[in-house]
Every structure is written in C-alpha cells, then in structure tokens.
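Let me begin by presenting the structure, written as structure tokens, before commenting on it.
Numbers restart at 1 for each chain; the letters A, B, ... are given by sequence-line order, proteins then strands.
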Amino acid sequence: MNMIQTQPHAYKPADYKSAVKPVWCPGCGDHSVLVSFQRAMAELALPPEQVAVVSGIGCSSRLPAYTNCYGFHGVHGRSLALATGLKVARPDITVIVASGDGDGFSIGGNHFLHACRRNVDLTYIVMDNRIYGMTKGQPSPTTEPDWDTAISPGGTGVSPFNPLVIALASGANFIARGFTGDVGSCARLIVEAVRTPGFSFVQLLSPCVTFRDDQQKEWKKVTHEAMVPETDDPGRAARRLMSDDGFNLGILFRGHRAPYQPKPLADLDVARLEAEFAL
Amino acid sequence: MSASQAAEGLSIVLTGSGGAGVMTAGQTLLEAATSCGLYGLMTRSTGPQIRGGEAAAMLRLSTKPVQCPDDKFDILLALDFENVQRFAAELPLDSRSVIVADPSAGEMPAFLKASGAQVGYVEMKKLAKTVAGGRISMVALGALAHVVGLPESAIVEAVAASLGRKKPEAVKASEDAVRLGAVNAPALAVPKLRISTARPAGRWSFTGNEATGFGVLKGGVKFVAGYPITPATEILEWLAHTIPQCGGELLQAEDELASINMIIGASFGGKPAMTATAGPGLSLMTEALGLAVASETPVVVVDVMRSGPSTGIATKSEQSDLNIAVYGLHGDAPHVVVAPLSISDCLFTAQWSVHLAESLQTPVVMLSDQSLGQARVVVDRPQDVTFDTKRLTPVDPIEVYERYALTESGVSPMSLPGMAGGQYTADGLTHNARGTPSSQAQDHVAQMDKRRRKIDRFDFGEHWAEIEGDGDLAIVTWGSSTAPVREAVARAREEGISVRIIALRLISPPQPKLFEAALKGVRRALVIEQSHSGQLWRYLRAHYDMAAEIVSIPQPGPLPIRPGEALAYIRKGAQA
Ligand SMILES: Cc1ncc(C[n+]2csc(CCOP(=O)(O)OP(=O)(O)O)c2C)c(N)n1
Ligand code: SF4
Ligand SMILES: [Mg+2]
C-alpha cells in the first residue's frame, strides 16, 4: 500500500514528463501508455521523486527515461527482480515496472511467476504487442501461432499463453487489461493498480504499428469492456480468464492478499553480533 | 618422537560412516581443545551422499594460531572403516602417524596399511554398549583425549555445552562413555598437546563464511538477496538471522539472475547491498554485473569458489574463478576484484569490499573459496577496523543535476529516490552525463573514461597486498593459497632460506607501481595458486612488467596446497 501523503500541491500530467524525446515510431501504442502513466500519477498526486519506474529491454522498456520520476532501465527480462529489491529496501517509494511481452513473459517469465507469488507491492505494466518490436518482429509468447515472421516462416505453430491466467494462478493480487486506444481507461487501471496493495498486473494491449500493422484497427473493433464487474473470488476469476477472448477490458480480479514486506526486527549496533563468535 | 614430548600442535582426523557422529565429535574436540588454551582449525569432508554417508572431520590443534591444514595427520581416529578409502588422497599419513580404530571394524583399508602408521585399538562399539545411552563417538573421544593429553573434563564440558544443560541423562551417558574410552585408550607414542588449564580470554570461533557475513554487515550492508549454492549458502543463512537485527532484510531469490538484479535495485534505492554465490551463480550474474558497472550502482558479490568448470566438485575448493571475476563481463567494464587472504581475513576483506563498492559506485567481486568459507577457526579476536564509508550524494537542494557528471575523480554524486530534483534514469545504455541514452561516440568514450578513471585514481592504500620478508626469491600468491605459503616461508627461514611473500588481496585493478616496488631486488618469483591453468600467473603477465624470472606453479583443486609442498617449491626455487 502506498502511504504517501497527498501533497497540497496539485500535479498535472506534464509534471511527470521528461525532456527526453521518445524513440518510438509515430502511432506506437507505447506513446499512449506514457500519457496514461502521466495522467495516473497526476491523479494519484504522487511527487515525481517519490516514484521509481523500472524496466528491462524492448521498445516498451524505454518508458522510464521519458518520465520525470526516478527510473532504472536495466537488462532484458529482469525488471521485476530489480524492482523487488528496490521496493523491499525502500517501501516508501512507489515502484512501477514497465515491460513488454518478450521482456516480461519470455526471458523474464520466471521472475513473473515469483513476483506474483511473492506479492511485493509493485505495479507491473506490460505493454503487450504480441511481437518483439525492438528486434524487428520476432514472435513472443503471446503471438498467434500462424503469424508469419522471418525467424518463424509460416508461424510458430505454437499456441500463445495467457499471462493473466498465469498471474492469477501464481498469486497476483490485482489483474487488469486495457487497450491503449482508450487512454483514460488505461490511466484509471494504473491508478487502481497502484492503489491496490500487493502485486498488481496490468496488461495493456499496445499495438506495434511497424511489425504488427494488423493490430491497431482490429483491436479497436474487438476490444470491449468486461461484461461483469470485478471479482475478488479467484475461482470465478479463473473461469472468466480461462474463457476470456483476450480482449476483455477492465479490472478482472482484485484479491485481498497482504503484500510481502519483510520488516527489520531492530536496528542494533552491528558490533554486538560479535557475541555470535566470542568463546 | 617419544610420548613424553610436548607437541606445539597436532593434526587429527576423525572418520566414520553416516550417523557415526563424526562432525559432532570433531566439533566437540575443537571446543575442548579451545577451552585448554589451544588455537584450532576444523574442515569437513563428506562423501557424495546428500545425507549421512561417510564423513571426515579434519582438525589442526595448535599452541599458535593456524589458518590452514598441516602436511599430514598425526592421528586418524576411525569410528569404522566404511568407505574411508574415498578420502585416501585427502588424508596424508606416514609412519609417524597413529591410527586409533575399533578391532571389530574389520579389514583396514590398503592406504592406511601402506602408510606404515602405528595402530592402536579400542573396543569402541563394545564399550559404548555397556553404558545406557552411550555413543561410540564419545568412547572414541575419551580415548583420543587420553592419547593427545586433553583432560577428560574438557571433553565432558564441551559435550554438556553442546547438549545443553537440559539433558542431564544424556550428559551423564556421555561422561561415562568418555571415561570408559580414556581408561581403555591404547598406549601410543604420540606427543601430548601443550595445554593450559585456564580458558583464554578474547578468542573467537567462526567459519570464513560467517566472518564474511559479519564483514559485510560491518561494512554497512542493509540488503541481501541470494540463491542457495554450495559452498556459499552459510553466508546467506548467517545473514538471514543477523541482518534483521541490524535494520536490514534478506530475500531468497528465485535464481541468481534475480539475486543480482534485486541487490542492484536495493542499492539504487540507497541501501548497501550484497549477494553470495559460487561459480555457477556468478556465471548467471555477469550480465547484470555489467549493468552495475554501466549504471554505476555499488554492489558486492561474494563468490565462494569451488572446483569447476560447470558443477565440478561442489564441496571442494579451487581458485579457478579469477578469470571470470576479472574478465567475465562483456564490453569494457572496469570493476573491482578482491580476495581474502585467510579464513579470518574474510571479515576484513568483506568489510573492505563494501567500502570499495560504496566509495567507487561500482560492483566489487570478492573471491573467497570453499577452503576458507567452510573451515572453522579459533583465533584471537580480530582487530576492529573502521572505514569512512560514504556514498557520494548530491548537495541539497539539488539544482541542476547530472547523475553521471564528468568529475575529476570519476565518481559522481548519486541521488536516491525521494530526493527532489535528483530524478534520473539509471541506464545500461550508453548515456551522457545527464543519464540520457546516447549513441554518440564522445559520450561513450567520456563515460568509459570516467568509469576507468574512478577506479584507477582510487587510493586502495596498504590493503592491496600483504608483503613480508626479503631476499631475491619471492612468492606471489593470493587468497586461500596464502596461508600454506606463509607457513612454508616461515619454515624456509628456519632453514636459512630468505623468501619474500607478496599476497595479493586486490586482484583488479592491478597496481603496477606498488607491485614493481614489492618485487624490487627479486631475481626469481614463484607464482603459487590453486588453479589448473595458472590464472593468476597469466593475469600477472598481462598486467605487470616483471624483471624477475617468473615461475608458474599452478596446482588445481580439490586437494589443498600443503605448507610442505610450498616449501619444496621454495627449496627448488632457491637453487641457482
Ligand atoms: C540478454 C538479451 N537477449 C536478447 C536481447 C535482444 N532483445 C532486445 S529487446 C528484445 C525483445 C523485446 O520484446 P518485447 O519485450 O516484447 O518489447 P517490445 O520491443 O515489443 O516493446 C530482445 C530479444 C537483449 N537485449 N538481451
Ligand atoms: S517497433 Fe513497434 S513497438 Fe517498437 S516503437 Fe515501433 S511501433 Fe512501437
Ligand atoms: Mg512486444
């Protein structure tokens, strides 16, 4: 839970934007994620210096430097581990993790499971474009089996996995899906994710206009608000997510697990530990 | 040697099959000897079984502090002979050694017979059965105490201390068993240990791994993440119960990729952070170590080396991770590599590692090893050392902030989350002084120069090496090889051979000027190390101009380098 005192100061989305110009292609969904992030932070009225944005490698992972918060652009796939260390060491800081479907579900898949399981108070935003954008169009764990690429001619023939189901099974406390075509809704999901204690997973369908030119128009058509309200019942959420068409938007699960935050027992003088060795 | 002679020290090994209680007996013997004023060392060796299986507790007891095993064992106490031949290479014995065994143990293994050692028998099994709750290992300890001249009371007290006062019947049974062993001890020509009656004050008992844990806490570490691996796990286990008492946390990570990234995250948040691992884990960490270099995030990684490559011999020592520690990172990635020079020096070197990492905002790899980490020593209380460790942070209020400012020292003020005006994005991408990603040649070179500069210009002080002695023959060594080499040098001096020893605590960055001065007047230098390919020797050849003739003496693990072996090299090296 973020116990940050809301400042009397009112923040505007622009207060969270840095002077660095994004490298993203014009029209890339990630631009909208950045705008949603800024809006969410302004709504939460978090002082930018109290927020850290951690990421791995990929187009999506470039996000931290475009914010005016603290940021860590680390190595491919390890953002959740880095963010876990930061949050456990500095529980006073709001830690947001930005990732992509390759970064988060392929090379970083193991950390995803354990971050859900551990339930540290993090907000994990995965910009899912069902492709490796940065390396120019290879399939990811969420790519359709028949999507033709140079490295997988004719498609991989391998079924994609459903990261929301995995998140639920692994213990994530908050699971939501948004589409970057609707910035306001994405911002609202991020606000709710940050407000919900524990590990919050937000999948944002973020079209890659360069290597997936099919996505933007199509997703506008097929995405839809979830028909039923959010649930805190994992059994019900599981059934919903298992039969989900992948385009159901909104908060799909919000549980009540207590976040993991080890607390130091005391702050004794280290020298006293010599009693462990003295004969 | 006659039995009436007093011994400066004795090396004793206890062997037996699983469940025989060899390790507990060894621990008890060490404790008893300690209470009689002796210093000591105990290392363990076990068979490949996960639980139980044959085991050897190897002790060296001495009137003077000892930091490594001696050349051979004076006494082998076999609770049984089961699979003891597995340890043959680890248990040098000769005709002056004695073997204490149970006559019902069956045929003595060939290597023991071949040693020519004198054999004495005690009916350990039979005698133990005559005491209700009596254990074979206690009868054995009683006999052993008698043979080496330790009072039975010292053994009994050590047993009582380990059992706790709560179990009077068990203590009584042990007492009776110990007595029976002593009464029935064989008469063997072993010099008695020179003991004192009063327990000396100010002694410590710790393993190298525990000392490492204490060292990093003394250095200011507040966050630890790690993944279990032999022989480093005890560092994590020791820290798991101590760090929460000192305002910190320990996390068990899902793998080493996670542990290194977790500590980078914690350190970015302002908490000095470390992890401990062994070679396989260090291999997984190298990508993120490069991230720590590029993002200038201080972290300490302790590698408790074991025989490699791959899984190798997980329980046995080797100094063969020097290459990966120094060269394992891709790109040009200056960082610091250090190594403790003895079991007890793990304390100092670990504390120093944190100081270096924090001062230089860079990763420090400390190369400990199994022979240091898992050995227990009894030593005089180590001296307290304090460093003025402070991470450079920007002055408040922060006006215009450049995280990677091109300072003269190369170290730039590092802001921490929460500091208003200090926001920046730490990055593994090449960046400019502000931290903004850049693919410009001048930014790449300026930042690489800066990162090189901060390490090259740093004054590592006198701690970079321990240098003793003079003469035109020198031994250059590092880490755990230092202790046996030191003993060999002392023995050589007694023979009239003067030898200089240069033991490197700082492996990287190299210190060419200091090294040149240390080698002044040296005609020949022997490079003694525990690796197969001479990793230190190659490293020295790459980084130092050396006028002296350099002789590489690499000795791979898993067997320890013994002082007598080092002495033989010295004798040979001293010849024209
Ligand atoms: C260890 C490592 N392996 C491979 C790469 C190359 N690489 C960079 S980004 C990327 C995939 C990124 O895909 P995704 O996370 O979906 O991000 P997107 O670009 O689509 O936003 C890969 C394979 C790398 N940087 N590091
Ligand atoms: S390649 Fe795709 S994901 Fe990357 S910036 Fe361009 S549109 Fe976005
Ligand atoms: Mg992608």
Would you say the side chain of B/L257 lies within less than 4.5 Å of the side chain of A/H111, judging by non-hydrogen atoms?
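Heavy-atom side-chain distance check passes, below 4.5 Å.
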Is there side-chain contact between A/H73 and B/H431, with at least one heavy-atom pair below 4.5 Å?
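They are not in side-chain contact.
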Using the rule given for salt bridge (Lys or Arg N to Asp or Glu O under 4.0 Å), can you reason through A/E274 versus B/R381, listing the C-alpha separation, both sets of side-chain angles and the distance that settles it, and then say yes or no?
CA-CA 9 Å; A/E274 79 170 72; B/R381 182 189 184 283; 2.7 Å; yes
Is it the side chain or the backbone of [X] that comes within 4.5 Å of chain A heavy atoms, both, or neither?
X: B/Y424; answer: both
X: B/K271; answer: side chain
X: B/D384; answer: neither

Distance, nearest 0.5 Å, that separates [atom1] of [X] from [atom2] of [Y]:
X: B/H241; Y: A/L273; atom1: NE2; atom2: CG; answer: 7.5 Å
X: B/T297; Y: A/F72; atom1: OG1; atom2: CZ; answer: 4.0 Å
X: B/R199; Y: A/L279; atom1: CZ; atom2: CG; answer: 6.0 Å
X: A/D269; Y: B/L217; atom1: CG; atom2: CG; answer: 11.0 Å

Quick check on the interface: out of [options], who has the most heavy-atom pairs with chain B under 4.5 Å?
options: A/P48, A/A52, A/A19; value: A/P48
options: A/L113, A/V53, A/V75; value: A/V75
options: A/V88, A/V23, A/T84; value: A/V88

Give me the one residue out of A/V54, A/L82, A/L86, A/L80 that meets side-chain contact (heavy atoms from CB on, under 4.5 Å) with B/N261.
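Exactly one option meets the side-chain contact (heavy atoms from CB on, under 4.5 Å) with B/N261, and it is A/L82.
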Derivation and outcome, side chain to side chain contact (heavy atoms under 4.5 Å, CB included), residues A/F277 and B/E210
CA-CA 9 Å; A/F277 306 132; B/E210 291 170 344; 3.6 Å; yes
For A/V51 and B/Q423, run side chain to side chain contact (heavy atoms under 4.5 Å, CB included): C-alpha distance rounded to whole Å, both residues' side-chain angles, the deciding distance at 0.1 Å, then the answer.
CA-CA 9 Å; A/V51 179; B/Q423 295 102 296; over 6 Å; no
Measure [X] against the heavy atoms of chain B and call it side chain, backbone, both or neither at under 4.5 Å.
X: A/R62; answer: side chain
X: A/A271; answer: backbone
X: A/V20; answer: side chain
X: A/A65; answer: both
X: A/R118; answer: side chain

Closest approach of B/A266 and A/A89, non-hydrogen atoms and distance?
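Taking every non-hydrogen atom into account, CB-CB, 3.6 Å.
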Please answer whether the main-chain N or O of B/A426 pairs with a side-chain N or O of A/Y70 as donor and acceptor at a distance below 3.5 Å.
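The answer is no, because no donor-acceptor pair under 3.5 Å joins these two groups.
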Spell out, as yes or no, whether a donor-acceptor pair under 3.5 Å connects the side chain of A/R78 to the backbone of B/A288.
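Side chain of A/R78 to backbone of B/A288: no pair is present.
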May I ask you to check whether over 12 heavy atoms, not counting those of B/Y227, lie within 6.0 Å of atom OH?
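Not buried by this count: 12 neighbours or fewer within 6.0 Å.
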Where do A/H114 and B/D255 land on the side chain to side chain contact (heavy atoms under 4.5 Å, CB included) test, with the steps shown first?
CA-CA 10 Å; A/H114 294 281; B/D255 54 31; over 6 Å; no
